[in-house]
Amino acid sequence: MPHDTTLIATIVVGLVLAFALGFLANRLRLPPLVGYLLAGVAVGPQTPGFVADTGLALQLAEIGVILLMFGVGLHFSIKDLLLVRWIAVPGAVVQITAATAIGTALAHLWGWSLSAGLVFGLALSVASTVVLLRALAERRALDTDNGRIAVGWLIVEDLAMVLTLVLLPSLTASPLSDAAGAKSEVSWQALALPLAFTLAKVAVFVTLILAIGRRLVPHILAVVARSGSRELFTLSVLAVALGIAYGSVEMFGVSFALGAFFAGIALSESELSHQAAADMLPLQDAFAVLFFVSVGMLFDPTILVREPLSVLAVIVVIVLGKSVAAFAIVLGLGYPVGTAFVVSASLAQIGEFSFILAGLGVSLELLPLEGKDLIIAGALLSITLNPFVFSGCDWLASWIQRRPRLLRWMERTKAGAHVPPVIDEDDLRTLGDHAVIIGFGRVGEAIGRGLDVWELPYIAVDRDHQRVEELRARGVRVIYGEASAPGILAAAGIDRARVLIIAATDANVTRRLLDLAREANPEIDTVVRTHSELELAHLESEGVGLAVMGERELALGMMGYALRSLGLSEGEARMFVQSARRFDDAGMVPQAEAYERAPELRPHQES
């Protein structure tokens, strides 16, 4: 051909094969990402046939990381990060330390040097950005408290890896390294100088983003938006995401992921953030697929035959060792079992930073080539297993929730135990026929405002400590804690309440709360929120007073307005919407018998 098509071939073959194998995996009831990974193996250098350019594929994958982290930043704020700092910072540091120690011990058993063990353990300790975000997004958990904790944990891990990459070359002159030989001992001053310099650069970058970027970036996009060109607006968002991410690496030594994340935060409080997120979504999905393809390309299938036991040991460390460590850390910090399971499952895989550490370790002669192959094998297999780990954690969480004694023992160190009483005991004893609202975010608070208008009593239960403090200052009756934990509903007077309103959306927690509430108060009325049609059907079959699916109610509201706009009276539109809700939850269209029983619902025919 008259020109080089390496880039085109890499993108086209990677996406086409990922689509084919991803669709096949979906038909076999497997996660599509299994197909994406297999597509990478098929076009990689270790298998016969077409071989894509691995270097180009890895660069395309970095674009996927940038766009994904930019999207996360758009949905975050500095306030969100500060809310999770008390668990994300100590949790990530202790988890990295624990995973590194386990990896180092495993490497010692194989006869590797201590420096090789440290590099190997660090590579196993850090989770993949892309895998974590996709897993949380697919479970609609990215904007939940647990999702924010997991993402905050990830940000701390990324910062730790940036510092690790700076310090890693120093190990070549250390007595920990075989390559050091008779070299002099490490000068701690020599280590402290690059570390301090790196921390200073990171601090300058974050300061610039928060002080200047949060004003400049929204202003630039607002000017572009006023031009009326959608193409220019999309291009400006892409330029901001990629430009800041690239600049953060070149000028400040920050990773692409962190640079993109803070670029998103710079725009997060702008009224244009939602449109920016929508414009980036197709690109995020496409380049995220290329990320998984690139991981598959690095995998050498022969290692499964050459070192099967070593690969198994690595998988055990990543999937089991890291998960157990994270679970214990989260519980030890006083958070509920549900949060511990979400964080544990989120971190039970490794990815892009692991590849960078492994590559640098091999180039510095700190890590044997076998170690890099094991890390890549561990990444591919742990990513493949991650959806099943999430499912297993869901099952375990549900199983534990049904055993109050075990749950009470596991959550005996709940942070809520250290929070002073929220409700005056005399006030609580006299309270009755009140509402108990679980989850006092946007939905719960809106319900509370309505009850306040009519001066109806209620008690809120929320696990966001800062939100609880704000509500207390406003005089709201609120209890801090996980509502399903032993004693929390009792403290809210569930046995004397008239209605339980569950504004949170975790299906396992919702079912547990319904059981606890009905056990204490069989006559209690219930209102439940959900995002799943299957869960909606289950809740209605369980006899809840009202089960509300946000998307359905949104559609019904818009339908009612459209019917009135097209000529129906207010009463006709309202009755039709009520009939739609009653008779057909899935299609939202009343059946024929509905018209027969209610002639006033029939559309008017022109004579």
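Basis for what follows: all heavy atoms, side chains included, without hydrogens, waters or symmetry-related copies.
- Looking at heavy atoms from C-beta onward, Val342 lies out of side-chain contact with Ile149 at the 4.5 angstrom threshold.
- Annotation for Ala483 and Ile438: closest pair CB-CG2, 3.6 Å, computed over non-hydrogen atoms.
- With values rounded to the nearest 0.5 angstrom, Ile155 atom CD1 is found 4.0 Å from Phe261 atom CZ.
- In this structure a side-chain-to-backbone donor-acceptor pair under 3.5 Å is missing from Glu553 to Val548.
- More than 12 non-hydrogen atoms from other residues, nucleotides or ligands lie less than 6.0 angstrom from CZ of Arg518.
- What you find for Gly448 and Phe440 is that their closest heavy atoms are CA-CZ, 4.1 Å.
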Problem set entry | Test log, rule side chain to side chain contact (heavy atoms under 4.5 Å, CB included), inputs Phe233 and Leu221 | CA-CA 7 Å; Phe233 181 78; Leu221 293 187; 4.2 Å; yes

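- Residue Leu385 holds its CG atom at 11.0 Å from CD of Gln349, rounded to the nearest 0.5 Å.
- Side chain of Arg496 to main chain of Gly432: no donor-acceptor pair is present (N/O by atom type, distance under 3.5 Å, no hydrogens or angles).
- Counting non-hydrogen atoms of other residues, nucleotides and ligands closer than 6.0 Å to CZ of Phe388 gives a total above 12.
- The existence of a salt bridge linking Arg511 and Glu542 is excluded, since no basic side-chain nitrogen approaches an acidic carboxylate oxygen closer than 4.0 Å.
- When every heavy atom of Ala497 is checked against every heavy atom of Asn521, the shortest pair comes out as O-ND2, 2.8 Å.
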Problem set entry | Leu28 and Val34: CA distance, side-chain angles, deciding distance, side chain to side chain contact (heavy atoms under 4.5 Å, CB included) verdict | CA-CA 11 Å; Leu28 296 174; Val34 175; over 6 Å; no

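- Scanning both residues, Ser227 and Leu232, for their nearest heavy atoms gives OG-CD1, 4.2 Å.
- Counting heavy atoms from C-beta outward, Phe341 and Ile400 have side chains that approach closer than 4.5 Å.
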Problem set entry | Derivation of the side chain to side chain contact (heavy atoms under 4.5 Å, CB included) call for Met280 and Val237 | CA-CA 8 Å; Met280 290 297 100; Val237 174; 3.7 Å; yes

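- A distance of 12.5 Å separates CD1 in Ile479 from CG in Leu471, rounded to the nearest 0.5 Å.
- Leu210 and Arg215 make their closest contact through O-NH1, 4.0 Å (heavy atoms, listed as atom of the first residue, atom of the second, distance).
- Looking at heavy atoms from C-beta onward, Tyr458 lies in side-chain contact with Val476 at the 4.5 angstrom threshold.
- Panel note: side chain Ser565, backbone Ala562; no donor-acceptor pair is recorded below 3.5 Å.
- Looking only at distances, no side-chain donor or acceptor of Ser323 sits under 3.5 Å from a matching main-chain atom of Ala345.
- Contact of the Ile383 side chain with the Leu37 side chain is registered, since non-hydrogen atoms from C-beta on lie closer than 4.5 Å.
- A donor-acceptor contact shorter than 3.5 Å links the side chain of Ser344 to the backbone of Phe327.
- Within 6.0 Å of CZ in Arg27 there are 12 or fewer heavy atoms belonging to other residues, nucleotides or ligands.
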For this session: Take Ile220 and Val240, measure what side chain to side chain contact (heavy atoms under 4.5 Å, CB included) needs, and give me the verdict at the end.
Result: CA-CA 10 Å; Ile220 292 173; Val240 166; 5.6 Å; no

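- Separating the CZ atom in Arg564 from the CZ atom in Arg574 is a distance of 8.5 Å, to the nearest 0.5 Å.
- Counting heavy atoms from C-beta on, the side chains of Thr526 and Ile502 never come closer than 4.5 Å.
- Side-chain contact between Val289 and Phe19 is absent, with no heavy atoms from C-beta onward closer than 4.5 Å.
- Counting only heavy atoms from C-beta outward, the side chains of Leu238 and Leu67 approach each other to under 4.5 Å.
- Within 6.0 Å of CD in Glu519 there are 12 or fewer heavy atoms belonging to other residues, nucleotides or ligands.
- At least one side-chain heavy atom of Leu539 sits under 4.5 Å from a side-chain heavy atom of Thr510.
- Note that CG of Asp279 is 3.5 Å distant from OG1 of Thr234, once rounded to the nearest 0.5 Å.
- Taking CG from Leu15 and CG from Leu60, the interatomic distance works out to 9.0 Å, rounded to the nearest 0.5 Å.
- Ala127 approaches Ser346 most closely through the heavy-atom pair CB-O, 4.2 Å.
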